Structures are given as structure tokens and as C-alpha cells.
There are 2 protein chains.
Amino acid sequence: MLAIMSDPGSAHQFDSVFHRTERRRSQPSLTRERIVEGTIALLDRDGARALTMRKVATELGVHATSLYWYVKRREDLVDLAVDGILAEAAADLPAPDAPWDTAIRETARRYYAALTAHTWAAEFAGSRPLIGPNAVTLGRRIVNALHGLGDEEQQAVAIRAVSNQIIGAATSAVAMQTTKAHASHEHEAVMDTAVSEPDGLAVEHTYFDKALDLILEGITARHDA
Amino acid sequence: MLAIMSDPGSAHQFDSVFHRTERRRSQPSLTRERIVEGTIALLDRDGARALTMRKVATELGVHATSLYWYVKRREDLVDLAVDGILAEAAADLPAPDAPWDTAIRETARRYYAALTAHTWAAEFAGSRPLIGPNAVTLGRRIVNALHGLGDEEQQAVAIRAVSNQIIGAATSAVAMQTTKAHASHEHEAVMDTAVSEPDGLAVEHTYFDKALDLILEGITARHDA
DNA sequence: ACCTGAACACCGTTCAAGT
DNA sequence: ACCTGAACACCGTTCAAGT
């Protein structure tokens, strides 16, 4: 969830990996960074269901219990991995002086693209609060873009409309994708839309842009009034 | 995901509980209906993490392995439970001749309310395709409401904008809620927004209405042009 | 047709012990 | 400070056996 970005202070009240500092020595065989890389590699290769402490450990050539020196629980791996792939999106954001609507379009697009590029990320994003540093960076860019458009409440509404669109679109696109993947596997004669739409994710991506435009038009209409 | 509702045909290609007919005899001690009720009761009481085959079985006074006569896998329980709580929303929908915008507002509102009333439902909805009968009923009501507003593509865009808003808002609201719950447990001095906002879900509910209005204004603006 | 019971191959997590 | 190894209390699922 992105809503926290309108209220960054409350993030400090929540026990999350991102608030716990990492313990480390001079030459450890493990690092939180290495763990995150291994987790992402595993997830990209074998999917969300493959995320177990034991498999991540095997991926890194250590024992499962070693991971607990660096993270507190399995969910931490999820949170770190999701925020990890958001790094792609959080780097290279639109310039601060960009027009508000193109700033939102660009940021939202990158956010959505990162989540759908790693299907597991979209799956997890629906059930975990998105309060990692990269998620916060992305959220702030949207907040800044809307700053000055209407009063505070109008901004809060616009922020939620955009955020919800990103999360909702990403999870829906991925769920639809995996649905069709199942279908193709289980029926040999594939005569459904999976054929007429060779790349469902690409189609959804353009729908995402257009749905976002709808929201931006709504904001504009309200702002001009 | 709701996107399937714009393409009901493809649902038949996917191996889901909803396509498998139930086996039953005259007086079985178990029923798919009883199982769903027990699952929902368990989830409402103990939360999403408590959903295990063994606990559901205990809830119903049978052995875990007995459940496999009625469902194929654990995920089936998730899908059935989520669609189960959507029954509240799918019953008593706005009349077919209601104005399109109030029809959408009412339907979306009920959909969102059902998902947030059972926090586990919102959590699961983000990672499972919403293709149960009640989800389909709700989706169809939205599709029907938009029928005739613009060409087919404009309708598809509007459908996605509304659907994504429902899913995104529900998952965000619930994630935020649980975040704050954690905070209250782990810090004795609760001086964050959880205090100034005694009922976060209620606040989010009114934000949901307003964000949805933004989308409806976008649709109107486009339609009038 | 329905339900049990044993069994298999896993899980996450704790914790004492090693270095 | 970091990592191992054993151990605990779970999991989902299959399948032969009962009725």
C-alpha cells in the first residue's frame, strides 16, 4: 500500500525490516544485500511459491538458520525483495520541474512496470505494506507532483486515486496473466484470448496508461472548476 | 482481479474451484457449503495466517484429509471464502435502470466494503483472480453500467479504472490498518495517527468514495467531449 | 460415496554450540 | 560477530484402507 506516503511519520511506529539496522562485520560470507539478490534471483527463476528460507539459503550456499542473523522473519525477505525491484523504478525519476501530469504519468508507469516485470512482486505487493525506501521515493514523487493542486484533502484524494490504480492494475494484470498461463498448460487446444492476445501484459500496459489518463482528467476537471 | 469480467469466456479455460462440480451424497457430514462457512468463521476469528487445512478441519470436527473430497487444494478454500463474503455485496445490487454513475458508485462501494470488512479477504484478493460467481455478478453490474458510454475501448478503460480502484483501495486500506495495529502493539506510547484517526478504515472509506468520484468525473469529461 | 490414518516431504523458527 | 546443527512444532498432500 502506498497510502503511507501521505503520512511518512507513522512509518516509524511499525516493526519492519526497514527500521532495523543491519549488523555486520569485516568480511562476512553473507550480507543483507547478498541475501536480497539471492532472493530476487530465486523468485525470478522459480516464482513466489519457491520463497522459503531453506531455498534462499541453498541459493546462497549457507544454512537456513544463518539468514536469521540478517533478517527477523521470512516476511522480511518479501519486503526487501519487493523494494529491491522497485529500485529500477525509483532511480531516474522525472525532474522536479517537470509538468505535474507528465511527472505522475512517468512515475506511475515506472512503478507499474517494475511490479509487473516481476510477477511475484505484484502478488506480494497486494498483501504487504509498501513502505521500503524505494517505495517511499516513488510515493514522494507523486505527492510532490500533486502539491499545490487543490487543498490538502483534494491532494489526499488524488494521491490515493493514483496509488490505488498502480497497485490494483499491477495485481490484476499479473493475476490475469497467471490465469491464462494455467489455462494454456491444462488445455492443449488453446483457443481463448491467450492466442489473440500474444502478450497480455503489454496490452494491459497500454490500458494502464489510459486508465491513468482518466484519473488525470478527473483531477484536471476538478482543479479547473 | 476483476479484469476477467470484460472477457467472461476465458474463465472457462482456467482450472478453478468454480468450474469443478461438487460431489455429494444424501447425508454427508461435510458439504462444500459447510466448509466455506467454517473457513470464513476461522478467518474472521483468527486471521489470514490461520488458514490451514488442519485448522479448518478441526473447526468442522473432521480430519484434514477429508476436505480433499470436496476441494482440490488449499487455494480453493481461499477462493471460496473470498467469493463467499462477496455474497453480501452481490445481493441487492442497484436496479438495472439506475443512472450509470450511481450504479457504479453503489456497486463499487459494496464491493470495497465487503473486502475491507473481512481484512483477510482484501489480503487474498490481491493475489488471487476474482472469478467466483459473486465477483462475476459484481463485475457484470459495473460493465452494464458503463455499457453505451463511448466505444468499446473507452468502456474497457473505464472498467479497468474502476476495478483497479476497488482492489487497490481495499488492499491499501487493509495493509495500512494492519500496519497501525502492529504499531499499537509494539509501542506502548501510541502517539501517531492511529490516535487522531480512531477508525482508519472509516476514514479510508470516505476517501474511497471521493477517489471514485474523481474517476467518474474523468469518464464524464471524456464522454461529454 | 465418503471419511480415516498413516505417511511423505516439506515448512519457519529457536537456541545452544561452535569458531 | 557470525554460522552451524539439532530440534520443535508445524505444514499440504497422497493414498490405501475402512465403512
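In this text the structure is predicted, and so the values were computed from the model without any measurement.
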Looking only at side-chain N and O atoms, does A:Y68 come under 4.0 Å of OP1 or OP2 in C:dC15?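 No.
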C:dT19 -> Watson-Crick or G-U wobble partner, both distances under 3.5 Å, gives D:dA1
In Watson-Crick or G-U wobble terms, with both distances under 3.5 Å, the base opposite D:dT14 is C:dA6
Length of the [atom1]-[atom2] vector between [X] and [N], whole Å:
| X | N | atom1 | atom2 | result |
| --- | --- | --- | --- | --- |
| B:L67 | C:dT4 | CG | C1' | 12 Å |
| A:L77 | C:dC11 | CG | P | 14 Å |
| A:R73 | C:dT14 | CZ | P | 10 Å |
| B:Y70 | C:dC3 | OH | C1' | 8 Å |

Expected list for residues 46-65 of chain B near DNA chain C, using heavy atoms below 4.0 Å, is B:V62, B:H63, B:T65
Query raised in the report: When you look at B:Y70 and B:V17, which way does the side-chain contact (heavy atoms from CB on, under 4.5 Å) test go after all the steps?
Result: CA-CA 10 Å; B:Y70 298 90; B:V17 227; over 6 Å; no
**Item:** Between C:dC3 and D:dC15 - C1' atom distance, rounded Å
**Value:**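 The same atom, C1', in both gives a distance of 13 Å.
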Q. In chain order, what residues pass the salt bridge (charged side-chain N to carboxylate O under 4.0 Å, His left out) check against B:D209, with sequence neighbours excluded?
A.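 B:D209 satisfies salt bridge (charged side-chain N to carboxylate O under 4.0 Å, His left out) with B:R109 only.
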Do side-chain atoms of [X] reach the backbone of [Y] as a donor and acceptor pair under 3.5 angstrom?
| X | Y | answer |
| --- | --- | --- |
| B:D76 | B:R73 | yes |
| A:Y112 | A:F208 | no |
| B:R105 | B:L212 | no |

- Applying ring-ring contact (aromatic ring centres under 6.0 Å, His included), name anything that partners A:F124, two or more places apart in sequence or on another chain.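 Result, ring-ring contact (aromatic ring centres under 6.0 Å, His included) vs A:F124: none returned.
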